[in-house]
A.B. asks: 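Handing you a structure now.
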Amino acid sequence: MTNSPNDPTDLVPMPPGSIELEGVSKLLSPRGLAVAALQQALRERQFSLPLGPETALSDEDRLLSLNGFAVQLSTAGVVADELVVDATPWASPDSAPQLLLAALVDEENAVVAFPGVLTGTELIQQAQRAERRAGALVLDPQTFRGGVNRLLSLVQLLEPAAL
């Protein structure tokens, strides 16, 4: 990391499995960096899973589609102890995402850590005890499980209707 000597993030090690982005603009939003990290993870693992739609990749209010699964991406800073998740997409069972992916982003160094994924059922369980703020759920990033590997396993092995 290239932070100043007094910067507290120098003392915080990046979580295992963090993805250091190569050749991306540091002007990208946290979501843009998280999407770039997901794309890099797909390339590194040589998975040709469709990720889109292209117009949704940078739009904070849109769900992603990964191999036919509706995925909500929620980002926070790399040292965040809470993740604020917009609950709006989950309001209708017909259009709710199937997966919620957490991304902790170090914008300055273009590094992204994916603590993990929650399925719809797991999110409902977490929502019952979560704090709520203005239409959002406040979740601890540690409640997410499995990192990007769990996400990729779920979208490869299951059928979208299974979730």
Side-chain angles (χ1 to χ4, degrees), residues 1 3 6-19 21 24-39 41 51-66 69-152 154-155 158 160 162-163:
M1 297 186 136
N3 298 334
N6 296 326
D7 190 337
T9 57
D10 273 346
L11 305 176
V12 179
M14 290 304 297
S18 295
I19 298 171
L21 295 167
V24 298
S25 169
K26 292 189 180 185
L27 299 175
L28 288 175
S29 68
R31 179 185 172 101
L33 291 169
V35 168
L38 185 54
Q39 291 170 324
L51 175 65
E54 192 67 33
T55 57
L57 295 180
S58 61
D59 187 343
E60 301 285 339
D61 298 325
R62 300 271 312 268
L63 299 177
L64 299 174
S65 175
L66 179 58
F69 285 83
V71 179
Q72 182 181 8
L73 176 61
S74 189
T75 62
V78 73
V79 295
D81 60 352
E82 60 183 33
L83 193 67
V84 180
V85 177
D86 181 9
T88 307
W90 298 90
S92 171
D94 296 335
S95 62
Q98 292 145 313
L99 300 167
L100 172 60
L101 175 63
L104 301 179
V105 180
D106 177 350
E107 291 179 75
E108 183 177 330
N109 296 296
V111 177
V112 178
F114 292 105
V117 178
L118 293 176
T119 64
T121 302
E122 292 166 341
L123 177 66
I124 290 168
Q125 292 170 352
Q126 292 298 322
Q128 292 173 353
R129 53 184 168 262
E131 177 186 341
R132 297 174 194 275
R133 289 187 203 151
L137 300 172
V138 181
L139 302 174
D140 184 333
Q142 294 181 353
T143 61
F144 291 79
R145 301 178 320 142
V148 74
N149 289 334
R150 181 174 187 230
L151 171 71
L152 297 176
L154 288 171
V155 301
L158 297 177
L163 294 176

A.B. asks: Quick check: closest heavy atoms across L154 and F69, and the distance to 0.1 Å?
C.D. replies: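 Heavy-atom minimum between the residues: O-CZ, 3.8 Å.
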
A.B. asks: Hey, mind stepping through L101 and Q72 against side chain to side chain contact (heavy atoms under 4.5 Å, CB included) and telling me if it holds?
C.D. replies: CA-CA 6 Å; L101 175 63; Q72 182 181 8; over 6 Å; no

A.B. asks: Minimum heavy-atom separation for S95 to L63, with atom names?
C.D. replies: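 That would be O-CD1, 4.1 Å.
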
A.B. asks: Are the side chain of R132 and the backbone of A127 linked by a donor-acceptor contact shorter than 3.5 Å?
C.D. replies: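 Here the side-chain-to-backbone pair exists.
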
A.B. asks: Within the distance-only criterion (no hydrogens, no angle test), does the side chain of R62 pair as donor or acceptor with the backbone N or O of L57 below 3.5 angstrom?
C.D. replies: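 Looks like no, no N/O pair under 3.5 Å.
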
A.B. asks: Do the side chains of D106 and V112 get nearer than 4.5 Å, heavy atoms only?
C.D. replies: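 No, their side chains stay 4.5 Å or more apart.
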
A.B. asks: Main chain of V84, side chain of S74: is a donor-acceptor contact present, judged purely on distance under 3.5 Å?
C.D. replies: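 The answer is yes, because a donor-acceptor pair under 3.5 Å joins these two groups.
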
A.B. asks: For R31 and D59, indicate whether the former's side chain and the latter's backbone hold a donor-acceptor pair under 3.5 Å.
C.D. replies: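 Here the side-chain-to-backbone pair exists.
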
A.B. asks: If you define the side chain from C-beta out and look only at heavy atoms, does anything of V24 sit under 4.5 Å from L33?
C.D. replies: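 Yes. Closest side-chain heavy atoms under 4.5 Å.
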
A.B. asks: Just how far is it from atom CG of L38 to atom CG of L64, taken to the nearest 0.5 Å?
C.D. replies: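 Here the rounded value is 7.5 Å.
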
A.B. asks: Is there side-chain contact between L139 and E82, with at least one heavy-atom pair below 4.5 Å?
C.D. replies: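 A side-chain contact under 4.5 Å is absent here.
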
A.B. asks: Got a donor-acceptor contact below 3.5 angstrom from the Q98 side chain to the A70 backbone?
C.D. replies: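 Checked: pair present.
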
A.B. asks: Minimum heavy-atom separation for A113 and S18, please, with both atom names.
C.D. replies: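 The answer is CB-OG, 3.5 Å.
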
A.B. asks: Could you check whether atom CD of Q142 has more than 12 heavy atoms from other residues, nucleotides or ligands sitting under 6.0 Å from it?
C.D. replies: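 Counting other residues, nucleotides and ligands, CD of Q142 stays at 12 neighbours or fewer.
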
A.B. asks: With rounding to the nearest 0.5 angstrom, report the CG to CG distance, L83 to D140.
C.D. replies: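 If we round to the nearest 0.5 Å, L83:CG and D140:CG are 9.0 Å apart.
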
A.B. asks: Nearest 0.5 Å, please: how far is OG1 in T121 from CD in Q126?
C.D. replies: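 Interatomic distance, Q126 CD to T121 OG1, rounded to 0.5 Å: 12.0 Å.
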
A.B. asks: Restricting to non-hydrogen atoms, name the atom on T75 and the atom on P30 that form the minimum distance, rounded to 0.1 Å.
C.D. replies: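 Heavy atoms only, the tightest pair is OG1-CB, 3.8 Å.
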
A.B. asks: Examine distances only and state if a side-chain atom of E107 and a backbone atom of S29 form a donor-acceptor pair shorter than 3.5 Å.
C.D. replies: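 Here the side-chain-to-backbone pair does not exist.
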
A.B. asks: What heavy-atom pair brings F114 and A103 nearest, and what distance separates the two atoms?
C.D. replies: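 Looking at all heavy atoms of both residues, the closest pair is CE2-CB, 3.7 Å.
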
A.B. asks: Using every non-hydrogen atom in the two residues, find where G77 and L104 come nearest and quote the distance to one decimal.
C.D. replies: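 Reported closest heavy-atom pair: O-CD2, 3.6 Å.
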
A.B. asks: Are any of the side-chain nitrogens in R150 or E122 under 4.0 Å away from the carboxylate oxygens of its partner?
C.D. replies: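 Yes, charged N to carboxylate O under 4.0 Å.
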
A.B. asks: Rounded to the nearest 0.5 Å, what's the gap from CG on L137 to CG on D86? Could you check?
C.D. replies: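 Going from CG on L137 over to CG on D86, the span is 9.0 Å.
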
A.B. asks: Quick one: CG on L100 to CZ on F144, what's the gap to the nearest 0.5 Å?
C.D. replies: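 Here the interatomic distance stands at 4.0 Å.
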
A.B. asks: Working to the nearest 0.5 angstrom, can you tell me the gap between T143 OG1 and R129 CZ?
C.D. replies: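 Those atoms lie 8.5 Å apart.
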
A.B. asks: For the CD atom on E131, are there more than 12 heavy atoms of other groups (residues, nucleotides or ligands in this structure) within a distance under 6.0 Å?
C.D. replies: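 Counting neighbours around CD of E131, more than 12 heavy atoms of other residues, nucleotides or ligands fall under 6.0 Å, so yes.
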
A.B. asks: Side-chain contact, heavy-atom cut-off 4.5 Å: V78 with V105?
C.D. replies: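 When only atoms from C-beta onward are counted, V105 and V78 do not touch, as no gap falls below 4.5 Å.
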
A.B. asks: So, N109 side chain and V111 main chain: donor-acceptor pair closer than 3.5 Å or not?
C.D. replies: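 Such a contact is absent between N109 side chain and V111 backbone.
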
